[in-house]
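Working notes, beginning with the structure itself.
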Amino acid sequence: TRPGGMRRHAVLPVAALLATVTALLAVSRAAAAEAAANGGLVVEAYGEQQLARAVQHAESNAMQADVAALSFAEVEYVRALRRRIHAVPGVLYEEHNASRIVREALQELGIPYRHPVAVTGVVAEVGHGEPIVILRADLDGLPVREDVEVPFRSEIAGKMHACGHDAHSAMLLGAAKILKERADAGQLRGTVRLVWQPAEEGGAGAARMISEGAAEGASAAAMVHTWSGLPTGVVASRGGPIAAASGKFVATIRGVGGHAAQPHRARDPVVAAAALVQALQLAVSRLSDPLEPVVLSVTRLVAGGGALNVIPNEAVVGGSFRAMSKSAHLALRSAIERAARTIADAHGCEAELDFLDAAVHTTALGDTWTTKMYPPVVNSHALVEVAKRAVTTAFGASAWREMPPLMIGEDFSFFCEEMPCVMLFSGHRKPGDADGEHTGSAHHAPTFEIDEDSLPYGMGALVGTALAMLEDESVCRPHGVEMAGGGGFQGRAVQDEFELARAAARSFGS
Ligand SMILES: [Zn+2]
Ligand SMILES: [Zn+2]
């Protein structure tokens, strides 16, 4: 803008400039021109778009700083929802109660949604147009009997929200409320897609949501997991691998039973199973790259059970195996398969391997679902920086912490196969539990509890990160660019990460 008639630049106070341009955006061009003329200003059309962008940017920055206040203002809203969800947990594709509570809340907020997606999942959107960024929460509880005396304790026998997914679902509703108000005020650039998925705890709900369209057209995704290892008020993450690729196996070794006194007339599966348990640890120490974190635990060893003078027909060896990259995970899977077959063969037995990655299950209501191995969660370095900026702008520099990678599995990884992702952790360790060793706050334990004062931080991290992702499209998947099939983005990130580690190691000599 410049003073009418005079060819001289005027410096307006920023607020007045923003008000003028906001009016310009809100009213017709003609009305805006009139308003400008009345104010003695000439508005040049070629600058309109840049100015509009500047206004959005200024508003977005102001909003970033506002995220803390907005989140603290919604703490009671989120607390009440979290308690309602907590009282009625459901597991693996049976999260009908949580799903209903989410849908009722969305209806009250006037946010349209899609349901059912992946049986109990819900997908809603606020704002419109490109880019589309995803905020994701999970709905499921665990088959754990709650051992915490709270007024909102689980009303469902043998089921409990023992991982904090009740808080995730409620925080996402709080974020939805804040973002909806921004969108209604015309202050949201692009679209925030809100995804509530079922079956994170072993049911690969994220993969099913994606197969039913939840990731379509989206350019980036973020999630927050509450975390007992961190104090309230802290949000943490790191670039690169943060959660492990995770799989399970069951090896059934079939021999020929017989008399304990005549082993030569039998084919003893027990000795083969014992050899396999040992060999699997050798696969970790001898066949895996020492620079790649890998863990394999045999958690099931079953044979016999009847008379002690009988060699049984079969033995079962089962367990869990994890790695921080897909390639290391697949290599370990092959090693397990090879070890089971060759060792069984050496003992005159046969091995049958099941990696439980295509096992079909049926819920109480008759819905079917399939298990899957989880890829690793690999955070985009750029998105972690964006989230860090959002969190520290809202809550101060001390609110951010660098997170070490974890060997837990997390099916948000399926989103990471599709687009740049960031998995954030929000601390919920109560004040006074300084060492974090409070058993009452361990995830998946019957005594699991969260400090509800942490809710605004997780919610703020979601809102702030969403706004920042919309604001800085360079961190998103370029529109129209296809990922190179399963693990395009992720595969590359993992490779970069471990290439660096290898290069560092090589620089020390062999
Ligand atoms: Zn969990
Ligand atoms: Zn969890």
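Remember, it's 1-based here, ligands and their atoms both numbered in the order they're listed.
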message = Ring centroids only, cut at 6.0 angstrom: are Phe412 and Tyr374 within range, meaning strictly under it?
response = no
message = Counting backbone and side-chain atoms alike, is an N, O or S atom of Glu200 positioned under 2.8 Å from the Zn ion (ligand 1)?
response = no
request  = Specify whether Trp227 and His225 have parallel, tilted or perpendicular ring planes, treating 30° as the upper limit for parallel and 60° as the lower limit for perpendicular.
outcome  = perpendicular
query = Between the Zn ion (ligand 1) and His444, is there an N, O or S atom separated by less than 2.8 Å?
reply = yes
ask   = So, is His165 placed with an N/O/S atom under 2.8 Å from the Zn ion (ligand 1), counting both backbone and side chain?
value = no
key: Short side-chain to backbone donor-acceptor contact, Glu201 and Leu142, under 3.5 Å   = no
The Zn ion (ligand 1) - name of the N/O/S atom of Glu201 that sits closest to it = OE2
query = So does His443 have any N/O/S atom less than 2.8 Å away from the Zn ion (ligand 2)?
reply = no
inquiry  = At a threshold of 2.8 Å, where the distance has to be below it, does the Zn ion (ligand 2) have an N, O or S atom of His168 nearby?
reply    = no
request  = Determine, for Phe414 and Arg208, whether the Lys NZ or Arg CZ falls below 6.0 Å from the six-membered ring centre while staying within 45 degrees of the axis.
outcome  = no
message = Taking atom CZ as the centre, does Arg153 end up with more than 12 heavy-atom neighbours from other residues, nucleotides or ligands that are less than 6.0 angstrom away?
response = yes
